[in-house]
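Heavy atoms only: backbone and side chains are in, while hydrogens, waters and symmetry mates are out.
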Amino acid sequence: MPVEKEDRWPFLQSLPFRVVAFLSLALLPIGLLAIWQTQNLDETLRARTALSLVALTELAISGERQTLQRAIGAARGQAATFDLTDDDPAACRAAFRAFSDADPSISFAGFLQPSGQIECSSEAAPFSIGSDDRARAVATSANTVLKTRHAAEPGEGNSVILLQPVVQDGVVRGQIVLALPTDQLSSMPDLDNAEPPLSLVIFDRNGRIIANQGEAPVNPVVDLSQEALLRLGADPSTFVGRNADGERRVFVMLTLVPDLAYAMTGWAPTEGFLASSAITLPSFFLPALMWLASLLVAYFAVHRLVVSPVQDLRTRMRRFASDRALPKAKSTEMLPQELFDLEQTFVNMAYDLIDDEARMENSLREKNVLLKEVHHRVKNNLQMISSIMNMQIRSARSDESRHALKRLQDRVLGLATVHRYIYQSKDLARTEAQPLMQDICGTLFDQLPEIGTDITHDLKVDNFHLLPDQAVPLALLVGEVGTNALQHMRAATPTEDAPRFLMFSLLVVSPGMAQFQCRSSAGNSEGSGAEKNVGHQLIRAFSVQLGGKVETSETEAGHTVTVAFPITTTIPDALDY
């Protein structure tokens, strides 16, 4: 029983796709674990790189930090001992001058009064920074402050001003002022100068740049202040940005002096995720690439080892089913053992099937030869019987005997005609209706000149196949009906007004139904009662064997015999009696 073909997606139902799908599910936990490990490794690498850059930055700012811390310590010491020399201006100036001369990184030292006057300092004469509210606010501030002083004249360098409040009895009496040249601050030796940063910026808590060396880190300067304000709470911090020229840099920001000064260094990315020319790949890229490579290997392995041999075997099976050709397999050396066994099983089955079909064909050929020989001998025997009956006809003394023997001889010859067409046919199980009808009716038409030359005859027949069980009664029926019509024409007296005719037809009137009809020019009342009774009985018997029913009609124009019967297409099973 054929299997209905369902709607299928060939690729989704294919073996490689299913293998790849199941392999993907199997590799999913491993892939997730690999992604997790890669992310951890990436984070660890970033953390270690950041720590190493922080350590290098600590070394790079060690000189500046030492200088600022020493200056702050000295300012605090001066603030603590300022009351000892406060009453003696000469001693105060001498102390500040000695303090300034002792430390080359300090260019100025003095005391700022709340009025804005600096009378005691390392300078020879006192001076004033102004008497406005801003000067008084600076002088009375209770916090240690770092400020930048820009050069007032060309040739002078910028300075870093350190203000340390002098507090007595909870009241700010003034500020110890120290000036540190930025050139001296930047040139202080570091602990390790083997790998200096590309840029170094020192700035206060407000983002104002105190000192700068190397390339410009950012542009404009306001970006530094905003970045600094955002990152002061995270100390130290590492981030990737662009310098003033747009080049990629890794910046490290840390505290130089708590709440006073901060430093930011810029480093060139050299390796890993910091490389300037590297393309940053997501952490899942390598596991996904490995997963994709494994799926491709699995797909091509399944296609090479399973799908391709199975497709080749399917092609050879279809070729064998169509024309019994058995082409050689493409290659069996690389086949798995299971497919090799399947290949050998198919080849053995094909050879066994070819051998069985050859024996069956030989047996069928022998059977056909025997059947043809049987039909041929039956035909010869019937013709021999016809010859014997012909001898009896010539020796018969009465017309009635000759007539009876002649009718019997016609029936025997009808049987012989059927057997002749059967053994001459290519298919012994079927014979064609058209040549059989032409032969039987042709024999009847050949007898018409003996009756008269004015008799019109015609034959209409559709060509279809008849089984022997229907061909024999049909041939006998046609012969019996035609013989009756000829006898009636011989016995009837011809008239000029009534034309004589004999018409036969065997047509397919509907699917699976055929109709035989014989029309003659007069009624069927000839002959003795016994002869008529035998003829009618034979016609009815032959009609029953065909599976139909006889219908006759008598008109002034003539006599019509009609038999409609089903066309048998299946050969009945042979019965073993």
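For the side chain to side chain contact (heavy atoms under 4.5 Å, CB included) criterion with F108, the lone passing option out of V177, L178, L180, I161 is V177.
To the nearest 0.5 Å, atoms CG (D356) and CE (M349) are separated by 11.5 Å. One finds the CZ atom of R93 at 8.0 Å from the OG atom of S121 (value rounded to the nearest 0.5 Å). Note that OG1 of T57 and CE of M253 are 11.0 Å apart. Values are rounded to the nearest 0.5 Å. Interatomic distance, OG1 of T67 versus CD1 of I72, reported as 11.0 Å (0.5 Å rounding). Going from atom CE of M360 over to atom CG of L353 covers 9.0 Å, rounded to the nearest 0.5 Å. Between D323 atom CG and R318 atom CZ the span is 14.0 Å, to the nearest 0.5 Å.
Nearest approach of E215 to S199, heavy atoms of both residues: O-CB, 3.1 Å. Here the closest heavy-atom approach between residue L200 and residue A60 is recorded as CD2-O, 4.3 Å. P114 and R173 get closest at one heavy-atom pair: CD-O, 3.0 Å. Across all non-hydrogen atoms, the minimal contact from L59 to S62 is O-OG, 2.9 Å.
With N243 contributing its side chain and D245 its backbone, the two residues share a donor-acceptor pair below 3.5 Å. R249 places no side-chain N or O within donor-acceptor distance of the main-chain N or O of T265, the cut-off being under 3.5 Å. S363 places no side-chain N or O within donor-acceptor distance of the main-chain N or O of R359, the cut-off being under 3.5 Å. Between the side chain of Q175 and the backbone N or O of S141 there is at least one donor-acceptor pair closer than 3.5 Å. No donor-acceptor distance shorter than 3.5 angstrom exists from the side chain of N362 to the backbone of A358, with no hydrogens or angles considered.
Residues R314 and M317 fail the side-chain proximity criterion, which asks for heavy atoms closer than 4.5 Å. Residues E247 and R242 have side chains not in contact (no heavy-atom distance under 4.5 Å, counting atoms from C-beta outward). Contact check for L260 versus L68: no side-chain heavy atoms found under the 4.5 Å cut-off. Contact check for F346 versus L326: side-chain heavy atoms found under the 4.5 Å cut-off. Annotation: side chain of E343 is in contact with side chain of R316 (closest heavy-atom distance under 4.5 Å). With contacts defined as side-chain heavy-atom distances shorter than 4.5 Å, the pair I61/L254 qualifies. No side-chain heavy atom of F111 sits less than 4.5 Å from a side-chain heavy atom of Q78. The closest side-chain heavy-atom distance from F203 to L256 is not below 4.5 Å.
By the 6.0 Å contact criterion, CZ on R48 is open, its count of non-hydrogen atoms from other residues, nucleotides or ligands being 12 or less.
Judged by a 6.0 Å distance limit and a 45° cone about the ring axis, R324 is positioned over the six-membered ring of F320.
Pairs passing the disulfide bond (SG atoms under 2.5 Å apart) check and including a residue from residues 30-64, sequence neighbours excluded, do not occur. Pairs of residues two or more places apart, or lying in two chains, that qualify as disulfide bond (SG atoms under 2.5 Å apart) and include a residue from residues 40-114 are C92-C120.
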Candidate pair I176 and F96, rule side-chain contact (heavy atoms from CB on, under 4.5 Å), full reasoning:
CA-CA 10 Å; I176 300 295; F96 278 115; 4.0 Å; yes

Between L313 and L342, does a side-chain contact (heavy atoms from CB on, under 4.5 Å) hold up when you go through it step by step?
CA-CA 9 Å; L313 183 60; L342 180 62; 3.7 Å; yes

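Side-chain contact of D341 with Q337: a donor-acceptor pair under 3.5 Å is present, judged by distance alone.
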